[in-house]
Amino acid sequence: MPIPLVNSIASWFLKKRFHQIELFLKYPNEVQEELLFNLLDTAKETELGKLYDFESISSYEAFKNRIPVSSYEDIQHLIERSRKGEHNIFWPTPIKWFAKSSGTTNAKSKFIPVSVESLEDCHYAASKDLLCMYLNNNEDSQLFTGKSLRLGGSKELYMENGTVFGDLSAILIDNMPFWAEFSSTPSSKVSLMSDWEYKMQAIVDETINENVTSLAGVPSWMLVLLNNVLEHTNKNSLFEIWPNLEVYFHGGVSFTPYMDQYKAILPKQDFKYYEIYNASEGFFAIQDQNNSSELLLMLDYGIFYEFIPMDTYGTKNEKVIPLSDVEVGKNYAVIITTNAGLLRYKIGDTIRFTSTKPYRIKVTGRTKHHINVFGEELIIENAEDALKTVCKSTKAEIIDFTAAPIFMEGKSKGAHEWLIEFKTPPENQEQFNDLFDKTLQSLNSDYEAKRYNNMTLNKPKVNVARQDLFYDWLKINDKLGGQHKVPRLSNTRDYLNELLALNGAPVHR
């Protein structure tokens with residue numbers, strides 16, 4: 001298809017879609033309320049719809065008071081029934097696909113329902129919106145002159161009882177519209193390979209001679225792929241291989257720890273980075289401005305949002321609020337009701353609103369990925385911002401990290417223990433450690449209070465990981481590729497102890 005025609009079609013879609021986006025920008029709470037009642041009306045004849053009498057719910061307060069907030073463990077038995085082929089349990093249209101995710105749950109694996117509606121009206125709609133927003137902000141873009149290098153999960157699709165499960169990315173690739181397949185590389189056959197390391201080489205072989213204009217994938221694994229491409233071609237910059245490369249669409253993990261490494265292999269001032277916020281449960285937010293760290297919360301993808309302020313999360317005073325009641329600057333756990341039948345479901349993520357006109361957010365971490373053993377409330381955002389600041393000052397580069405508490409024993413005080421794998425280590429590790437501690441205190445007042453005069457917390461203990469430690473741990477645990485990542489922060493020592501043992505260091509008891 002000629003490029004002017006492609007750009008013309010994209011422009012038509014852009015104008016049509018922007019009218020709808022402007023509607024939820026102007027009337028966000030009304031759009032969300034209407035969406036909620038549409039979801040309830042659609043699912044009123046389902047098993048859960050009858051159990052909670054969706055038909056008689058006429059207000060948000062009734063919805064909130066009648067239906068409990070749920071975690072995966074609460075609904076796992078319903079999902080298992082659905083996976084075995086039962087229909088109309090939580091959504092009226094048959095659920096054929098289940099996105100398999102390890103997540104942070106007591107269950108070994110989660111199987112998140114993916115309906116036809118969520119596939120079309122959420123995930124694929126968001127992909128088109130992402131392109132629309134990017135093109136709207138970059139009118140001279142040559143995106144459609146080449147292909148998008150997509151990096152999906154490493155798992156194949158599996159069929160069981162007439163239903164299909166696999167990584168969300170595998171489900172999306174398997175059902176991809178023809179226009180997306182036409183403009184993507186590598187081929188679906190290579191994208192769906194299950195052996196991650198064999199697949200890496202296949203992607204390199206298939207893409208180095210393509211005209212790649214964009215990248216799409218999780219930062220940690222995309223970096224592994226891109227370094228393999230550079231090593232294979234003996235080049236220093238990706239622009240030597242793909243001169244028309246102009247944007248990287250990323251999500252899944254925070255980009256902060258990887259930014260400097262990407263800038264080193266993509267050395268162009270005008271190269272664009274666009275962040276997305278999606279998960280197995282849905283597509284939630286898109287960066288809608290160039291050079292921004294804020295994401296626009298998308299309010300018309302069939303997802304109704306509620307939030308739990310993190311200062312009450314998990315306490316007897318826990319409260320759930322609608323979008324209209326959120327405040328800028330506060331951390332919230334995200335609750336969703338969706339067009340795949342999830343009902344007041346805790347996805348396990350935390351966000352902070354940066355604006356309410358329109359509703360823009362930053363992803364700050366996971367409800368279970370933080371350290372709050374001593375009242376310090378250390379979240380992933382604090383850790384990543386501190387490490388970024390300290391790395392800049394000490395000219396160090398980090399590949400990965402994790403941290404956990406050192407628990408109080410007898411009269412000994414607590415502390416945090418860190419395990420950090422460096423690409424470029426600091427010249428003075430002790431200076432790095434001291435600056436890291438001080439920077440954490442400057443970013444988190446609760447942590448600072450616990451560190452004051454070593455009152456509750458001693459200085460952090462920082463261990464240096466051997467090369468490829470985190471990669472090896474993921475490989476041993478069959479978690480290479482896709483959305484898999486090492487938990488950054490934890491209230492228990494389970495992950496850290498495993499990694500320390502693999503690192504050859506003594507395990508702290």
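Remark: R488 qualifies as a cation-pi partner of F401 under the 6.0 Å distance and 45° angle criteria applied to the six-membered ring.
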### Task
Would you check, one step at a time, whether the test side chain to side chain contact (heavy atoms under 4.5 Å, CB included) holds for I303 with E281?
CA-CA 10 Å; I303 299 173; E281 295 86 352; over 6 Å; no
### Query
What's the verdict on salt bridge (charged side-chain N to carboxylate O under 4.0 Å, His left out) for R352 and E381, showing C-alpha distance, side-chain angles and the deciding distance?
CA-CA 10 Å; R352 185 180 73 251; E381 185 183 36; 2.5 Å; yes
### Trace of the side chain to side chain contact (heavy atoms under 4.5 Å, CB included) decision for V164 with K96
CA-CA 6 Å; V164 178; K96 179 183 176 183; 4.2 Å; yes
### Message
One pair to check against side chain to side chain contact (heavy atoms under 4.5 Å, CB included): I276 and Q287. What are the steps and the verdict?
### Response
CA-CA 6 Å; I276 62 172; Q287 179 182 327; over 6 Å; no
### Message
One pair to check against ring pair (Phe, Tyr, Trp, His ring centres under 6.0 Å): Y248 and Y258. What are the steps and the verdict?
### Response
CA-CA 13 Å; Y248 172 31; Y258 305 100; 9.9 Å; no
### Task
Take L119 and Y124 through the side chain to side chain contact (heavy atoms under 4.5 Å, CB included) test and state the conclusion after the steps.
CA-CA 6 Å; L119 202 62; Y124 289 141; 3.7 Å; yes
### Query
Could you go step by step and tell me if F353 and F307 meet the ring pair (Phe, Tyr, Trp, His ring centres under 6.0 Å) rule?
CA-CA 11 Å; F353 282 87; F307 305 91; 5.3 Å; yes
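Within the 4.5 Å cutoff, side-chain heavy atoms of L299 are placed close to those of Y305. Side chains of L151 and L215 form no contact here, defined as non-hydrogen atoms less than 4.5 Å apart. Contact of the I79 side chain with the R83 side chain is registered, since non-hydrogen atoms from C-beta on lie closer than 4.5 Å.
Ion pairing of E417 with R493 is present here, as a side-chain N (NZ or NE/NH1/NH2) and a carboxylate O approach within less than 4.0 Å. Note on K44 versus D41: salt bridge recorded, some NZ/NE/NH1/NH2 to OD/OE distance being below 4.0 Å. Of the charged side-chain nitrogens involved, at least one lies within less than 4.0 Å of a carboxylate oxygen, so that D288 and R360 count as a salt-bridged pair. A salt bridge links D472 to R466: one of the charged nitrogens lies within less than 4.0 Å of a carboxylate oxygen. Taking a cutoff of 4.0 Å between a charged side-chain nitrogen and a carboxylate oxygen, E448 and R451 do not qualify as a salt bridge. A salt bridge links R81 to E47: at least one charged side-chain nitrogen sits closer than 4.0 Å to a carboxylate oxygen.
Note: L500 CG to W473 CH2 = 12.5 Å, rounded to the nearest 0.5 Å. Atoms OH and CZ, from Y277 and F284 in turn, are 5.5 Å apart once rounded to the nearest 0.5 Å. Here the CG atom belonging to L443 is positioned 9.5 Å from the CG atom belonging to L378, to the nearest 0.5 angstrom. One distance of note links CG of D325 with CD of E306; it measures 10.5 Å at 0.5 Å rounding. A distance of 14.0 Å separates CZ in F90 from CG in L51, rounded to the nearest 0.5 Å. Remark: N339 CG to W91 CH2 distance equals 5.5 Å, nearest 0.5 Å.
By the neighbour-count criterion of 12 heavy atoms within 6.0 Å, atom NZ of K319 is sparsely surrounded, having that number or fewer from other residues, nucleotides or ligands. Open room surrounds CD on E34; 12 or fewer heavy atoms of other groups in view lie less than 6.0 Å from it. Counted within 6.0 Å of NZ on K438, heavy atoms from surrounding residues, nucleotides or ligands total 12 or fewer; the atom is thus considered open.
Between the side chains of E117 and T93, a donor-acceptor pair is found at a separation under 3.5 Å. S71 and E73 are linked by a side-chain donor-acceptor pair at a separation below 3.5 angstrom, with hydrogens and angles left out of the test. In the model, D300 has no side-chain atom that pairs as donor or acceptor with a side-chain atom of Q20 under 3.5 Å. Looking only at atom types and distance, the side chain of T312 has no donor-acceptor partner in the side chain of E318 under 3.5 Å away. Side-chain contact check for T364 and N331: at least one donor-acceptor pair (N or O, by modelled atom type) lies under 3.5 Å. In this structure, a donor-acceptor pair under 3.5 Å is absent between the side chains of T439 and T389. K362 and S293 share a side-chain donor-acceptor pair at under 3.5 Å. A donor and an acceptor atom, one from each side chain of N137 and Y274, are located under 3.5 Å apart.
When every heavy atom of L435 is checked against every heavy atom of S393, the shortest pair comes out as CD2-CB, 3.7 Å. Between H123 and A279, the shortest heavy-atom distance links the atoms CE1-O, 3.6 Å. Contact detail for L499 and F470: the closest heavy-atom pair is CD1-CE2, 3.9 Å. Closest non-hydrogen pair, A125 versus Y301, comes out as O-OH, 4.0 Å.
Y72 has its ring centre no less than 6.0 Å from the ring centre of F111. Close placement of the F249 and Y134 rings is indicated, their centers lying within 6.0 Å of each other. Taking the ring centroids of Y262 and H250, they lie at or beyond the 6.0 Å cut-off.
The only member of D53, T337, I57, L35 that meets side chain to side chain contact (heavy atoms under 4.5 Å, CB included) when paired with L40 is I57. Tested against Q429 for a side chain to side chain contact (heavy atoms under 4.5 Å, CB included), the candidates T394, D434, I420, V462 yield a single pass: V462. Checked options L457, N458, I406; the residue passing with H416 is L457 (criterion: side chain to side chain contact (heavy atoms under 4.5 Å, CB included)).
Ring geometry, Y60 versus F63: the interplanar angle falls from 30° to 60°, so the pair is classed tilted.
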